[in-house]
Amino acid sequence: MISSLIKRANLNTTTNIFKRNYFKSSSFVKSDALSRHIETEDNNDHTPFDFNQENLKKAEKILAKYPKQYRQSALIPLLDLAQRQNGGWISLKAMDKVAHICGIPPMTAYEVASFYTMFNRTKVGQNFVQVCTTTPCMLRGSEEIVKACRSNLGIEVGETTADNKFTLVEVECLGACVNAPMLCVNDDFYEDLTPESTNKLLNQIKNNETTKIGPQTHRKAAEGPHGKTTLLEPPTGPICREDL
């Protein structure tokens, strides 16, 4: 009798969980599809890749930072260099090239590139728009920022515009929580956003206009709403850049 009641209670609990919609699928994140290799015409075992002369010199400088027996320590910066040369994404043969330079098995390079979401395993647009939707940004209205991006660009999260100019993704913390909500386009951070300032920013990029990097309000860097209230004396060193 008791065991029957327990089974019935468990069944009712499970049923209620599904009825209340406790389980839901997460929004699509481009990095979700990048843990495995997707064979395409421009990304396969026969697609050539080699560093150009300028980046070969940069690669030599990177390698010079490490002892010869620890060349594998240059793996991440070399993968980043290859991704930048390749237009914002890293191909199979690019990973093979970096692995060869580092003197490691190709699989090691694959593991690193598929682990870190900063490495894009498929093509992205000229402007890679990453909107932070982690808790601090969400509390400050990141959902509205995503909505503004979708509306302005005419694409959904994880998609690229037809002209290949923009790719839109949601990402986890980009490290500018104090200035939430924020997004980054390629290497540039844009903070203290509103839907209006987001639309203005995207339109400026579309029109190849100069954008204001950093906070999109009157604030400087991460100062509070009342401006600078501490460290009012000139610093004794190390000296920061004047624009910080």
Side-chain angles (χ1 to χ4, degrees), residues 26-132 134 155 157-176 183-190 205 213 241:
S26 300
S27 59
F28 175 79
V29 179
K30 192 174 180 66
S31 58
D32 292 343
L34 305 185
S35 58
R36 59 188 176 86
H37 173 63
I38 301 174
E39 193 90 355
T40 61
E41 290 183 2
D42 52 9
N43 189 14
N44 55 62
D45 192 44
H46 307 293
T47 308
F49 175 87
D50 201 355
F51 285 114
N52 56 37
Q53 288 302 312
E54 180 184 356
N55 283 336
L56 273 175
K57 292 179 181 178
K58 290 181 180 180
E60 290 172 0
K61 288 183 178 180
I62 292 171
L63 288 166
K65 297 178 181 180
Y66 308 99
K68 290 184 178 180
Q69 66 269 32
Y70 296 114
R71 293 169 68 89
Q72 67 269 27
S73 299
L75 177 58
I76 289 180
L78 288 179
L79 285 173
D80 178 70
L81 185 64
Q83 175 165 277
R84 291 175 186 275
Q85 178 178 310
N86 210 39
W89 69 287
I90 189 163
S91 65
L92 181 67
K93 296 305 290 183
M95 290 185 283
D96 288 346
K97 180 67 178 181
V98 171
H100 176 72
I101 292 175
C102 291
I104 58 176
M107 181 55 69
T108 303
Y110 304 160
E111 290 171 344
V112 171
S114 60
F115 178 82
Y116 292 103
T117 58
M118 292 81 78
F119 294 116
N120 300 312
R121 299 279 307 285
T122 57
K123 281 187 174 181
V124 296
Q126 179 184 345
N127 298 286
F128 189 40
V129 181
Q130 304 175 72
V131 184
C132 180
T134 311
I155 56 175
V157 173
E159 295 181 347
T160 300
T161 55
D163 59 4
N164 201 42
K165 199 165 184 178
F166 291 91
T167 295
L168 174 64
V169 297
E170 290 183 28
V171 294
E172 297 306 315
C173 186
L174 289 170
L183 61 78
C184 74
V185 181
N186 300 333
D187 292 331
D188 296 328
F189 277 30
Y190 299 94
I205 295 174
I213 298 170
R241 296 200 324 257

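Everything numeric in this text was worked out from a predicted model, so none of it was measured.
With a 4.5 Å cut-off on side-chain heavy atoms, N127 and N186 count as touching. Residues N164 and Q126 form no side-chain contact, since every pair of their non-hydrogen atoms from C-beta on lies 4.5 Å or further apart. F166 places none of its side-chain heavy atoms less than 4.5 Å from the side chain of V185. With a 4.5 Å cut-off on side-chain heavy atoms, L168 and E159 do not count as touching. For the pair V131 and V157, the minimum side-chain heavy-atom distance is 4.5 Å or more. At a threshold of 4.5 Å between non-hydrogen side-chain atoms, the residues L183 and Q130 do not count as touching.
Atoms CG and OH, on D96 and Y110 in that order, are 3.5 Å from each other to the nearest 0.5 Å. We find the CD1-SG distance between I62 and C102 to be 9.5 Å, quoted to the nearest 0.5 Å. Put simply, OH on Y190 and CD1 on I205 are 5.0 Å apart, with the number rounded to the nearest 0.5 Å. Taken to the nearest 0.5 Å, the CD1 atom of I90 stands 8.5 Å off from the CZ atom of R121. Here N86 contributes atom CG and M95 contributes atom CE; the two are 10.0 Å apart, rounded to the nearest 0.5 Å.
Nearest approach of A109 to L79, heavy atoms of both residues: O-CD1, 4.3 Å.
Remark: T161 pairs with D163 by the side chain to side chain donor-acceptor pair (under 3.5 Å) rule, at least two apart or across chains. Legend: residues meeting side chain to side chain donor-acceptor pair (under 3.5 Å) with D50, ordered by chain and number and at least two apart, are K97. Contacts of L174 classified as side-chain contact (heavy atoms from CB on, under 4.5 Å), with partners at least two apart in sequence or in another chain: C132, V171, M182, C184, F189. Partners of E39 under the salt bridge (Lys or Arg N to Asp or Glu O under 4.0 Å) rule, at least two apart in sequence or in another chain, do not exist in this structure. With sequence neighbours excluded, the residues satisfying side chain to side chain donor-acceptor pair (under 3.5 Å) with T40 are D42. Residues forming a side-chain contact (heavy atoms from CB on, under 4.5 Å) with Q69 (at least two apart in sequence, or on another chain): P67. Legend: residues meeting side chain to side chain donor-acceptor pair (under 3.5 Å) with N44, ordered by chain and number and at least two apart, are T47. D187 is linked by a side-chain contact (heavy atoms from CB on, under 4.5 Å) to R84, counting only residues two or more places apart in sequence or in another chain.
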Pair V98-L75, side-chain contact (heavy atoms from CB on, under 4.5 Å): steps then yes or no: CA-CA 7 Å; V98 171; L75 177 58; 3.7 Å; yes
Between Y116 and I76, does a side-chain contact (heavy atoms from CB on, under 4.5 Å) hold up when you go through it step by step? CA-CA 10 Å; Y116 292 103; I76 289 180; 3.8 Å; yes
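Between the side chain of N120 and the main chain of G88, a donor-acceptor pair closer than 3.5 Å is present. A donor-acceptor contact shorter than 3.5 Å links the side chain of N43 to the backbone of L92. The backbone N or O of K58 lies less than 3.5 Å from no partner atom in the side chain of N55, so there is not a single donor-acceptor pair. Judged by distance alone, the side chain of T167 and the main-chain N or O of V124 form no donor-acceptor pair under 3.5 Å.
For residues 45-79, the pairs satisfying ring-ring contact (aromatic ring centres under 6.0 Å, His included) are F49-F51, with sequence neighbours left out. Applying the salt bridge (Lys or Arg N to Asp or Glu O under 4.0 Å) definition to pairs two or more places apart or across chains, none involves residues 60-71. The salt bridge (Lys or Arg N to Asp or Glu O under 4.0 Å) pairs that include a residue from residues 100-119 number zero, where partners must be two or more places apart or lie in different chains.
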